[in-house]
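Since the structure comes first, as structure tokens, the remarks are kept for the end.
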Amino acid sequence: MLVHLPPPWNPIFGRLGLILHYRYNNPMIFFAFELVFVGAAILLFWLTCTRRWHTLWRDWLTTVDHKKIGVMYIVIGLVMLFRGFFDALMIRTQQAMAVGPTAVSFLGAAHGYLPPFHLDQVFTAHGTIMILLAVTPILVGLMNLIVPLQIGARDMAYPYLNAVGLWLTATAAALVMIALFIGDFSHAGWVGLTPLTELAYSPGPGVDYWIWAVQIGGLGTTLGAVNLLATIIKMRAPGMTWPRLPIFTWTSVATNIIALTSFPVLTAAVGMLALDRYVGTHFFTAGLGGDLMMYTNLFWTWGHPEVYFLVLPAFGMISEIIPTFSEKPLFGYTTMVLASMAIAGVSWSVWLHHFFTMGASPGVNTYFSIATMLVGIPTGVKVFNWLFTMYRGKLHFETPMLWAVGAIFLLISGGMTGMMLAVPAINYIVHNSVFVVAHFHNMILVIVYATFGAVTFWFPKVFGFKLDGRYGRRFFWSFTAGSLLVFVPMYLLGLMGMTRRLDYIAHPAWYPLLLIQVVGIGIYILSVIYFLGMLAVSINRRETRRVGADAWGSARSLEWATRSPVPFYNFAVTPVVHARDEWAWRRERGLTDLRPERYVDIHLPRNTVVPLVIGAFSLVFGFAMVWRIWWMAACGLVGVIAAVIIRSFARDTDYVVPAEEVRRLEEAAARAPRPDTATAAAGATLPPHAQPSVRS
Amino acid sequence: MTMKTTDDTATGQATGGLWAFEDRGHDPVSTRTLGFWLYLLSDAMIFAALFAAWGVYLHNTAGGPTIHGIVHPLYAFAETAVLFTGVFAYGLAMSAVKRAWRGGALLAMAAALGFGAWFLGMEIHEFSGLAALGAVPERSGFLSAYWTIIALHGAHIALALLWTGLMLVQVLWSGFTEKVVYRLLNLRLFWHYQAVIWVCVYVFVYLRGAMR
Ligand code: HEM
Ligand SMILES: [Cu+2]
């Protein structure tokens with residue numbers, strides 16, 4: 001049944017013997033190795049010294065609280081963003097060094113310092129990480145955090161499943177990080193170009209790492225989508241009718257419909273690839289009835305909806321930030337909702353624009369060209385709605401607003417270049433050039449800007465204090481300067497004909513623009529420092545930066561109608577919703593007091609270790625599959641199934657916070673509005689009866 | 001200022017106040033069922049992708065066996081009968097659950113288990129016949145797609161069997177508690193879903209093979 005592989009393989013260690021053949025003499029690897037291990041050692045040391053293991057275990061690793069899960073998603077995303085940034089740094093410096101016949105050479109590379117096989121892994125890891133393990137977790141984390149608060153829910157519909165999704169995502173991230181040290185990573189691009197990914201051309205474990213990271217991470221995202229949709233449909237507070245749903249929640253609906261329907265297609269495509277590599281089928285091989293364009297079609301059938309999966313929540317964030325800092329309700333709420341749904345719908349019918357050059361008939365290319373351009377209509381509606389929201393508003397340019405307005409500029413330029421690419425005649429010229437790379441980075445920057453805006457916007461809600469504005473602005477402007485210096489030259493180079501993924505640049509005339517990009521990436525480094533500075537300064541001075549329920553004084557939606565930081569039960573008493581912008585409605589009527597007449601018992605889910613265990617077993621499974629250690633893979637799989645079964649017998653999965661306890665906590669918080677623990681991130685620590693029960 | 005307001009809202013809905021004091025229990029059973037429907041939707045997308053691909057691979061026989069040479073629509077019809085009887089048996093279990101009749105439910109679930117296992121046995125028999133002919137998935141793109149679709153459906157059935165077995169134990173263990181009941185309801189959806197997928201398999205794979 002299984003494919004024949006070149007040795008070594010043995011039943012106990014699988015293909016792990018291969019690592020004896022890797023030459024770990026590359027200082028880059030050692031540097032990364034040290035960074036990760038020294039970092040981990042410092043972290044462990046700190047945890048032990050400050051006796052935080054217990055807190056970590058109880059408040060984070062076993063939690064099912066949507067806020068903490070959201071925070072952990074964002075932390076994973078930020079860590080991976082950092083890793084992906086290192087990859088970007090390497091790509092940019094390599095390309096700037098390897099220009100023309102006189103290019104310098106180091107470390108055994110013919111040009112620059114990265115031999116092609118290494119560079120190929122770096123850009124593959126960069127793309128895979130940035131899309132699937134950085135931006136996706138950050139967005140899912142933000143939706144996790146904010147959506148239940150915006151609809152007045154106590155938690156997600158399935159808190160336990162939520163934790164499972166988190167740990168599957170963490171597993172995927174762990175697999176990619178392990179690939180850095182044990183074996184190698186895929187070299188076939190984040191899109192997994194066939195037939196390069198086939199065993200015949202990539203016999204090593206690299207593509208397998210990519211396959212299992214994508215599969216396990218994709219499963220986590222799909223489960224998250226089920227959860228968010230069910231939460232929004234089922235868990236809304238009384239009065240929170242569909243026409244009153246905050247706009248970020250609406251975009252979450254649209255985006256999770258996309259995730260729910262498109263991720264399975266990726267699972268199918270990558271699953272077929274896995275069958276090719278493990279069983280020897282001929283889905284995408286070159287020959288024996290394999291069809292490589294089938295892979296490309298399936299991949300982009302997921303891939304294009306995926307890019308809208310990423311951008312729609314960003315649109316939602318912009319739509320929350322702009323009204324708050326314009327002191328006006330959002331202009332054109334209904335059209336905004338319709339536009340989100342239209343984008344989600346159209347995103348399904350444009351995938352072929354990623355390979356117009358496949359050579360389909362003019363009729364097919366025309367269809368996909370027009371369908372692609374149609375996306376511009378709802379997107380344009382959104383842009384105008386934001387502009388009209390700002391028009392005659394009372395504008396405050398706090399950091400979130402800077403990011404939101406920046407995102408609009410980027411959206412317009414990125415959308416325009418997308419329109420250019422959507423014309424097949426133009427596309428034939430610039431396809432696979434760095435012009436395309438510049439286009440999609442331009443679009444993904446929209447997401448990054450909106451996300452940074454959203455993080456600064458909602459940070460005080462979750463942690464109870466604001467991020468420092470001075471450092472925030474420095475971060476914004478340096479990041480913007482870096483973006484312009486990297487991506488404007490990239491557009492130009494693309495129009496000059498520079499193809500993407502080059503290890504060596506034969507054309508010295510491109511050198512100056514490549515150098516400008518390196519300057520840009522240098523400024524990006526500066527912005528990372530400002531970002532860390534912003535965190536450090538804000539955490540240090542958090543006592544002076546505490547905020548009340550409405551951190552910005554002009555917020556509008558329901559999540560601001562509870563304390564900051566949000567207590568673990570979200571709302572002391574479930575709010576009744578009266579208007580579209582409930583908090584603004586209450587503020588205008590002077591109803592901002594958060595103390596209800598009385599308190600009631602609150603039912604909450606209990607902590608559980610099962611999701612963590614499922615994540616650990618799936619990591620074992622993924623690792624074993626990569627190295628084809630069948631017994632270990634079987635153990636991993638059986639472990640996951642056993643964990644699920646054992647959990648299904650748990651009875652004691654919920655607990656009650658008595659009304660008296662809620663009163664006590666609320667009154668304590670009202671008396672001491674400045675609690676001094678930053679680690680009590682999403683509220684007070686859990687009461688003792690929230691401990692995991694022995695059985696679950 | 002804690003106060004009740006009887007303000008009519010902008011949209012004209014009269015409300016009792018700012019806070020909802022009875023922590024309105026969201027109906028857990030229907031919430032679970034909704035989630036399971038959503039999961040089934042995404043699972044169906046996997047099959048949709050495979051069937052779309054099937055339309056292409058059908059012709060990629062690479063000089064090996066073709067669809068007409070390897071399918072036996074009558075045998076598959078017998079498989080259909082067995083599978084549908086299993087699904088029907090599970091349906092009977094659910095009507096026993098409605099009447100809180102534990103013995104009946106257990107009996108019917110055991111019957112569903114039996115028919116499901118029988119179906120899997122028939123599939124394995126079919127596959128081993130193909131393997132003996134040399135019509136293995138490694139032979140051509142067409143055979144890869146053929147085996148993958150049928151084996152994936154089979155894997156779903158295997159999962160349904162595992163789950164049904166587990167539910168037998170849980171019904172014995174804790175009776176018809178809320179948790180057990182919503183799981184039984186979801187499992188019903190899962191069984192029916194297998195029948196629906198099988199109809200597609202039968203039409204697009206086996207009947208397609210009978211068509212010349
Ligand atoms: C007005 C909206 C948009 C239009 C008209 C558009 C159009 C296009 C076209 C035609 C291509 C294919 C270029 C080629 O390979 O020759 C493309 C590539 C791409 N676009 Fe867009 N796009 C739009 C929005 C977006 C958004 C919102 C995102 C992401 C958030 C995005 C991300 C990408 C990515 C990732 C690729 C190429 C990936 C690759 O080849 O590796 N685009 N776009
Ligand atoms: Cu696209």
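These numbers come from a predicted model, not from an experiment. Residue numbers begin at 1 in each chain, while the letters A, B, ... track the order of the sequences.
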Atom group of A/Tyr158 that falls short of 4.5 Å from chain B, counting heavy atoms: side chain

Residue A/Leu266 versus chain B: region with a heavy atom under 4.5 Å: neither

Heavy-atom proximity to chain A below 4.5 Å, by part of B/Ile46: both

A/Arg580, part contacting chain B, at a heavy-atom distance under 4.5 Å: neither

Side-chain heavy-atom pair A/Arg651, B/Thr177 within 4.5 angstrom cut-off: no

Minimum side-chain heavy-atom gap A/His578-B/Leu18 below 4.5 Å: yes

Partner of B/Leu38 under side chain to side chain contact (heavy atoms under 4.5 Å, CB included), chosen from A/Asn227, A/Thr222, A/Leu260: A/Leu260

Other residues, nucleotides, ligands: >12 heavy atoms within 6.0 Å of B/Trp37 CH2: no

Selection from B/Tyr39, B/Phe142, B/Tyr57 maximising heavy-atom pairs under 4.5 Å formed with chain A: B/Tyr57

4.5 Å side-chain heavy-atom contact, B/Asn60 and A/Phe283: no

Region of B/Leu162 in contact with chain A, defined by heavy-atom distances below 4.5 Å: side chain

Region of A/Thr231 that comes under 4.5 Å of a non-hydrogen atom in chain B: neither

